[in-house]
Amino acid sequence: MNTKKYLVFFAELAEKGELPRDIYDLMLARIAERGKMTKRIYAEYLDELEKRRLFDVDGAPFDTNKSAKTDGSYVYRRPKNPFWHLWHGTWSTIFKLIGFVGGAIVFGVWHVKGRKKLKKLGACITTSNHVGYLDAVLTLRATGMQNRYIVAAPHNCKRTLGGSILCGAGEVPLPISHKGMRPFNEMLEFAAKRKKAKIHFYAEKSMWIDYRKPRPYKDGAFYYADALDIPVVPMLYCFKKPRGLRKLLHLPKAVIKIGEPLYVDKSLSPRARKTDLANRTFDSAKKIYESFYGKPLVYLEPDPVEAEEAQDNNQPTSNIKED
């Protein structure tokens with residue numbers, strides 16, 4: 001793990017007020033003790049966020065340099081440009097193959113059970129946990145050879161050749177301003193009209209590397225399920241203990257679990273619909289987690305002394321209600 005990047009990352013979060021000062025100080029102390037950033041320190045960082053229910057806080061550093069400017073000027077597609085269609089078709093096909101090969105080699109996913117649930121549907125929104133820089137490979141593997149679009153943060157769609165390739169392959173960067181909402185909405189409307197299209201949202205928002213538990217979902221994906229009148233299919237990327245060659249090479253063993261499609265309850269008010277669907281989708285992911293790992297979904301509780309100190313410093317210890 002890059003120690004310099006993590007030191008800058010923790011400092012930026014603390015400066016913006018997103019990371020409590022005591023967690024920031026703890027991370028600095030741990031890195032100083034070890035002399036470098038380690039996986040054990042990182043796991044402790046996620047534990048601290050979990051205890052405080054700070055599920056929205058970023059879990060890993062990322063480079064925002066040359067991020068896509070989705071402020072209304074970003075062009076999501078060029079329907080009248082034949083070269084754009086050629087570019088899109090080529091890279092979409094290549095990335096489908098990458099999903100198959102990468103999913104098998106990197107994550108050990110050779111077969112995806114439950115994919116028939118996707119094949120039976122027309123256009124839909126899929127959701128999953130966000131567990132690593134390469135988990136888009138699992139998304140590609142899960143959705144197979146369908147028309148697939150992945151909604152991503154603008155820094156994943158940089159103004160570089162690599163970013164252009166990702167966008168050509170179906171990544172859809174989120175808008176960064178109100179003005180950018182219209183072209184983004186138009187892009188999702190276009191995608192939803194395509195036969196059997198899959199629009200994927202990482203509904204947890206932030207990425208926490210190798211974190212197993214599902215985290216509370218944001219409403220965005222479910223707002224669009226209502227607006228586009230399409231179902232949501234919950235997925236959860238689960239992990240077994242690697243064995244044999246995978247253990248020797250320190251490669252994970254993932255299993256993609258796909259839930260039943262869920263539909264918007266039109267009897268509710270528009271404001272309540274997305275919250276209801278988000279809750280039902282999370283409950284589905286929770287059941288998948290509990291069935292796969294054979295234990296209830298329980299989040300860590302803060303140490304009583306730490307909780308009291310956090311309250312004294314006006315720092316949050318929880319932002320969701322327990323079940």
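The backbone N or O of Glu50 sits nowhere less than 3.5 Å from a side-chain atom of Arg52 that would complete a donor-acceptor pair. At least one donor-acceptor pair closer than 3.5 Å links the side chain of Ser269 to the backbone N or O of Ala272. Side chain of Arg212 to backbone of Phe239: no donor-acceptor contact under 3.5 angstrom is found. Judged by distance alone, with hydrogens and angles left aside, the side-chain atoms of Lys205 form no donor-acceptor pair with the main-chain N or O of Ala203 at under 3.5 Å. A donor-acceptor pair is defined here as one N or O able to donate and one able to accept, closer than 3.5 Å; such a pair exists between the side chain of Asp71 and the backbone of Ser73. Proximity of a side-chain donor or acceptor of Asn279 to a complementary backbone N or O of Thr275 within less than 3.5 Å is detected. Of the possible polar contacts, one joining the Lys213 side chain to the Val298 backbone as a donor-acceptor pair under 3.5 Å is found. For the pair Arg215 (side chain) and Ser206 (backbone), a donor-acceptor distance under 3.5 Å is present. Between the side chain of Thr281 and the backbone N or O of Pro234, no donor-acceptor pair lies under 3.5 Å. The backbone N or O of Val57 sits nowhere less than 3.5 Å from a side-chain atom of Glu18 that would complete a donor-acceptor pair.
Taking 4.0 Å as the cut-off between side-chain N and carboxylate O, Lys5 and Asp63 do not count as a salt-bridged pair. We find that Lys51 and Glu301 are not joined by a salt bridge, their nearest charged nitrogen and carboxylate oxygen being 4.0 Å or further apart. By the 4.0 Å N-to-carboxylate-O rule, Asp283 lies too far from Lys287 to be salt-bridged with it.
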Side chain to side chain contact (heavy atoms under 4.5 Å, CB included), that's the test. Do Asp265 and Arg273 meet it? Break it down for me. CA-CA 6 Å; Asp265 185 350; Arg273 288 172 190 169; 5.7 Å; no

Worked verdict on Val131 versus Ile209 for side chain to side chain contact (heavy atoms under 4.5 Å, CB included): CA-CA 5 Å; Val131 295; Ile209 299 175; over 6 Å; no

For Leu19 and Leu54: C-alpha separation, side-chain torsions, deciding distance, then whether side chain to side chain contact (heavy atoms under 4.5 Å, CB included) applies. CA-CA 9 Å; Leu19 184 66; Leu54 298 175; 5.7 Å; no

Would His200 and Ser128 satisfy side chain to side chain donor-acceptor pair (under 3.5 Å), going step by step from the backbone distance to the final call? CA-CA 8 Å; His200 191 78; Ser128 74; 2.9 Å; yes

Is there a side chain to side chain contact (heavy atoms under 4.5 Å, CB included) between Val233 and Ile125? Walk through the geometry before answering. CA-CA 6 Å; Val233 179; Ile125 285 174; over 6 Å; no

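Legend: residues meeting ring pair (Phe, Tyr, Trp, His ring centres under 6.0 Å) with Phe222, ordered by chain and number and at least two apart, are absent. Every residue two or more places apart in sequence or in another chain was checked for a side-chain hydrogen bond (donor to acceptor under 3.5 Å, both in side chains) with Arg246, and none qualifies. The ring pair (Phe, Tyr, Trp, His ring centres under 6.0 Å) test applied to Tyr289 returns Tyr293, not counting sequence neighbours. With sequence neighbours left out, the ring pair (Phe, Tyr, Trp, His ring centres under 6.0 Å) criterion links Tyr224 to Phe184. Partners of Phe190 by ring pair (Phe, Tyr, Trp, His ring centres under 6.0 Å), not counting sequence neighbours: none found.
Note: Met207 CE to Asp58 CG = 8.5 Å, rounded to the nearest 0.5 Å. For the atom pair Met27 CE and Ile41 CD1, the distance stands at 7.5 Å (nearest 0.5 Å). One distance of note links CZ of Phe201 with CG of Leu174; it measures 7.0 Å at 0.5 Å rounding. Atom CE in Met37 sits 4.5 Å away from atom CE in Met1 (nearest 0.5 Å). Here Lys158 contributes atom NZ and Lys69 contributes atom NZ; the two are 13.5 Å apart, rounded to the nearest 0.5 Å. Here the CG-NZ distance, from Leu297 to Lys295, works out to 9.5 Å after rounding to the nearest 0.5 Å.
Atom CZ of Arg159 sits in a crowded spot, with more than 12 heavy atoms from other residues, nucleotides or ligands closer than 6.0 Å. A 6.0 Å sphere centred on NZ of Lys117 holds more than 12 heavy atoms belonging to other residues, nucleotides or ligands. Remark: Lys218 NZ is loosely packed, at most 12 non-hydrogen atoms of other residues, nucleotides or ligands lying under 6.0 Å away. Remark: Tyr223 OH is loosely packed, at most 12 non-hydrogen atoms of other residues, nucleotides or ligands lying under 6.0 Å away. Crowding of Lys266 atom NZ: a count of heavy atoms from other residues, nucleotides or ligands under 6.0 Å exceeding 12. Around the CD atom of Glu33, the shell of radius 6.0 Å holds more than 12 heavy atoms that belong to other residues, nucleotides or ligands.
The same ILVMFWY cluster, assembled from side-chain heavy atoms under 4.5 Å apart, contains both Val255 and Leu134. Linking Ile, Leu, Val, Met, Phe, Trp and Tyr whenever their side-chain heavy atoms come within less than 4.5 Å puts Tyr133 and Phe107 in one cluster. Taken together through direct or relayed side-chain contacts under 4.5 Å among Ile, Leu, Val, Met, Phe, Trp and Tyr, Leu46 and Leu7 form part of one hydrophobic cluster.
No option in Ile150, Thr126, Leu188 other than Leu188 meets the side chain to side chain contact (heavy atoms under 4.5 Å, CB included) test with Ile199. No option in Thr127, Val264, Asp226 other than Thr127 meets the side chain to side chain contact (heavy atoms under 4.5 Å, CB included) test with Val232. Results of the side chain to side chain contact (heavy atoms under 4.5 Å, CB included) test with Arg141 over Ile98, Val101, Val109 single out Val109 as the only residue that passes. The side-chain hydrogen bond (donor to acceptor under 3.5 Å, both in side chains) with Tyr237 is formed by just one residue from the set Asn129, Asp135, Thr139; it is Thr139. If you run ring-ring contact (aromatic ring centres under 6.0 Å, His included) between His130 and each of Tyr202, Tyr217, Phe62, Tyr211, only Tyr202 comes through.
At a threshold of 4.5 Å between non-hydrogen side-chain atoms, the residues Arg30 and Glu44 count as touching. Contact annotation: the side chain of Tyr299 approaches that of Phe55 to within less than 4.5 Å [non-hydrogen atoms, C-beta and beyond]. By the 4.5 Å heavy-atom criterion applied to side chains, Arg40 and Arg34 are counted as neighbours. Counting heavy atoms from C-beta outward, Glu189 and Leu228 have side chains that approach closer than 4.5 Å. A 4.5 Å side-chain heavy-atom check between Asn156 and Glu171 finds at least one atom pair inside the cut-off. Proximity of Pro214 to Phe282: side-chain heavy atoms (C-beta onward) are separated by under 4.5 Å at one or more points. Side chains of Pro302 and Glu48 form no contact here, defined as non-hydrogen atoms less than 4.5 Å apart. For the pair Tyr24/Leu13, no side-chain contact is recorded, criterion being any heavy-atom separation below 4.5 Å from C-beta on.
Contacts classified as ring pair (Phe, Tyr, Trp, His ring centres under 6.0 Å) and involving residues 242-277 (residues at least two apart or in different chains) are not found.
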